[in-house]
Asker: 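Sharing a structure with you now.
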Amino acid sequence: MGTLTTSCSFSFSVPVWNRTRRNSSCLLCRVRRQTSCSFSFKSKRKRTTRVDYFNFYRFKCFSSVHNDSNNGDEEESSAEPSTSSATTTTPPDEPTAGDKTTPPSSRPPTISPVGPAYNSFQVDSFKLMELLGPEKVDPADVKLIKDKLFGYSTFWVTKEEPFGDLGEGTLFLGNLRGKREEVFAKLQSQLVEVTGNKYNLFMVEEPNSEGPDPRGGPRVSFGLLRKEVSEPGPTTLWQYVIALLLFLLTIGSSVELGIASQINRLPPDVVKYFTDPNAIEPPDMELLFPFVESALPLAYGVLGVLLFHEVGHFLAAFPKKVKLSIPYFIPNITLGSFGAITQFKSILPDRSTEVDISIAGPVAGAALSFSMFAVGLLLSSNPGAAGDLVQVPSMLFQGSLLLGLITRATLGYAAMHAATVSIHPLVIAGWCGLTTSAFNMLPVGCLDGGRAVQGAFGKNALIGFGLTTYTLLGLGVLGGPLSLPWGLYVLICQRTPEKPCLNDVTEVGTWRKILVSVCIFLVGLTLLPVWDELAEELGIGLVTTF
């Protein structure tokens, strides 16, 4: 029977903590634990075998201690190991004559550090992210919620993961023990009783689930976020100022559109400056003042469509008790406006609410725009209203397949197969309003169409629709000359999808999905230009090349 002799030495390096000041911060803790073990096994044959084993566990540690009186001493003391560290050393057996093992040194051998090394700039960046990042869920509250809310009768938690854009929340994964809507309502009421008005609970689809729920539908998980993190902040005074300035610019662009619609009446110098790329000398802009009054009806029509669009959003949000931000109108000299950016200022309760609010604005704006478009076409075909008509290039009607076909059916072949077409200003207002509504209903990003598709078909469907929309805009298939500026506008202002609803799992129903699908189909017909072969066959403009 042999005997086992163990020789171990432990060395700990602990940074000095300044107890005189509480103004200290530590982002990452680096604790070096060095274990040096020497095992000597002696058998009956008096043969000795030595094994030296070194095991290092290194974790990066950065500590900043602020002391105005003695900064240099504190830095030096934090860099050196503490003299009070406990060290226990047992001398190994004496080596034999043939043993060439080097005696162990009192200082550990130098070994390259394990893990990434961080410089001071990276450390400062980490500290800044920690300070400016959102407040995370309290671990004590997580344990309390697991004990009080979840269980055999509601939801059996098997795993926890980070939740939120920056991992500031907690996602509870497990097994549902009832009907998801009833369980979610019960958990929400119990959450208020246990933690008060402190957190928001989200019911979302389980990420990377292996299969659907045996009861039907997707497997669900529950995410927990602090209210100040998950709920949008209030509108600031600076945002009100920006919204007012953008609205004034939109009024100016709408008036400019009304003046441009009278191109056949404008002074030749002004027309040449805006149509001839070789023109350098700007004309006297005071020549445009007499045309402002006649441009106001068209400007009123464009602004009316924009305001009606926003009223539709607010009327749909009011019964659901959803708060909306003030609209930020985006001016555009071609259409008068790109529409407006309206944000949700409260968390949406479910996906049905998201569909209803998102689709209400474009439907309301499109209804008013089509009414003006139809009335304008009827007035354009009335000989008694000839004095109110304006001359516009017939190529304008090749910008939309749907609107071009409607105009051709109303005005006839003779009126459309010409260089210019006499129309009422309401036609232009309705055309611009329908085009703007169609652009806002594109299924991409945080546009009204993107929100509606996300609510009706889910976030994965929005990704597919978004990639298709970006491709068609990049190729100029949708919107013609306006496809590039509109695509840039979406990429800059509206590319991020909407945040999930509290109940982001329950389906919206068949009729809402059909309504969204029909709207997307009409959007495609509205923004799809008339190709030359069809334009020549229908007589929309004078097309001489194919």
Side-chain angles (χ1 to χ4, degrees), residues 253-276 287-305 332-336 366 368-436 438 480-482 525-526 529-532 534-545:
S253 62
S254 301
V255 174
E256 182 273 337
L257 177 63
I259 295 175
S261 66
Q262 309 174 61
I263 189 171
N264 59 323
R265 302 177 184 176
L266 297 179
D269 295 341
V270 177
V271 176
K272 182 179 179 181
Y273 178 75
F274 286 103
T275 57
D276 188 2
L287 298 175
L288 297 178
F289 290 165
F291 300 92
V292 173
E293 184 177 357
S294 57
L296 291 180
L298 179 57
Y300 293 153
V302 173
L303 294 175
V305 172
N332 178 263
I333 59 175
T334 305
L335 297 175
L368 180 60
S369 300
F370 187 78
S371 300
M372 292 190 298
F373 181 72
V375 172
L377 289 178
L378 294 177
L379 293 176
S380 301
S381 59
N382 184 9
D388 298 331
L389 304 183
V390 295
Q391 299 288 328
V392 298
S394 59
M395 298 290 291
L396 170 67
F397 298 94
Q398 297 180 17
S400 172
L401 176 61
L402 178 61
L403 302 183
L405 292 175
I406 295 175
T407 306
R408 165 65 176 82
T410 305
L411 300 182
Y413 179 85
M416 296 293 296
H417 194 257
T420 60
V421 181
S422 298
I423 58 174
H424 196 274
L426 282 177
V427 176
I428 302 177
W431 185 290
C432 294
L434 287 170
T435 305
T436 301
L482 293 174
L525 291 180
T526 303
V530 180
W531 54 95
D532 292 339
L534 181 60
E536 182 70 21
E537 183 178 351
L538 296 177
I540 302 178
L542 297 174
V543 181
T544 58
T545 58

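Predicted, not measured: the structure shown is a model, and the values here were computed from it.
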Asker: Go through it in stages, so that I can follow the logic: the residues are Val292 and Ile259, the test is side chain to side chain contact (heavy atoms under 4.5 Å, CB included), and I'd like the CA-CA distance, side-chain angles, deciding distance and then a yes or no.
Answerer: CA-CA 6 Å; Val292 173; Ile259 295 175; 4.0 Å; yes
Asker: Sequence neighbours excluded, which residues qualify as side chain to side chain contact (heavy atoms under 4.5 Å, CB included) partners of Ile428?
Answerer: Ser261, Leu298, Val390, Val392, Ile423, Cys432
Asker: So, taking the atom named OG1 in Thr410 and the one named CG in Leu378, what distance separates them when rounded to the nearest 0.5 Å?
Answerer: 7.0 Å
Asker: Once you round to the nearest 0.5 Å, how far does CG of Leu377 lie from CD1 of Ile406?
Answerer: 8.0 Å
Asker: Using modelled atom types only, decide if a donor and an acceptor are shared between the side chain of Ser253 and the backbone of Ile333 within a distance under 3.5 Å.
Answerer: no
Asker: Where do Ala295 and Gly258 come nearest, in terms of heavy atoms and distance?
Answerer: CB-C, 3.3 Å
Asker: State which residue, out of Leu403, Leu426, Thr436, fulfils the side chain to side chain contact (heavy atoms under 4.5 Å, CB included) condition with Trp431.
Answerer: Leu403
Asker: Which residues pass the ring pair (Phe, Tyr, Trp, His ring centres under 6.0 Å) test with Tyr300, sequence neighbours left out?
Answerer: none
Asker: Going by the rule ring pair (Phe, Tyr, Trp, His ring centres under 6.0 Å), which residues pair with Phe373 if we only count those two or more places apart in sequence or in a different chain?
Answerer: none
Asker: Which value, rounded to the nearest 0.5 Å, describes the distance between Arg408 atom CZ and Gln398 atom CD?
Answerer: 13.0 Å
Asker: Within the side chain of Ser400, is there an N or O that forms a donor-acceptor pair under 3.5 Å with the backbone of Thr526?
Answerer: yes
Asker: Quick check for you: to the nearest 0.5 Å, what is the distance between Thr435 atom OG1 and Leu482 atom CG?
Answerer: 8.0 Å
Asker: Checking Val305 now: which residues fulfil side chain to side chain contact (heavy atoms under 4.5 Å, CB included) with it, not counting sequence neighbours?
Answerer: Leu368, Ser369, Met372
Asker: Would the distance check show the side chain of Ser394 and the main-chain N or O of Val421 forming a donor-acceptor pair, the cut-off being under 3.5 Å?
Answerer: no
Asker: Looking at residues at least two apart in the chain, or sitting in another chain, which of them share a side chain to side chain contact (heavy atoms under 4.5 Å, CB included) with Leu534?
Answerer: Leu401, Val530, Trp531, Leu538
Asker: Which residues pass the side chain to side chain donor-acceptor pair (under 3.5 Å) test with Ser422, not counting sequence neighbours?
Answerer: Gln391
Asker: If you measure from CG on Leu405 to CG on Leu525, what distance do you get to the nearest 0.5 Å?
Answerer: 9.0 Å
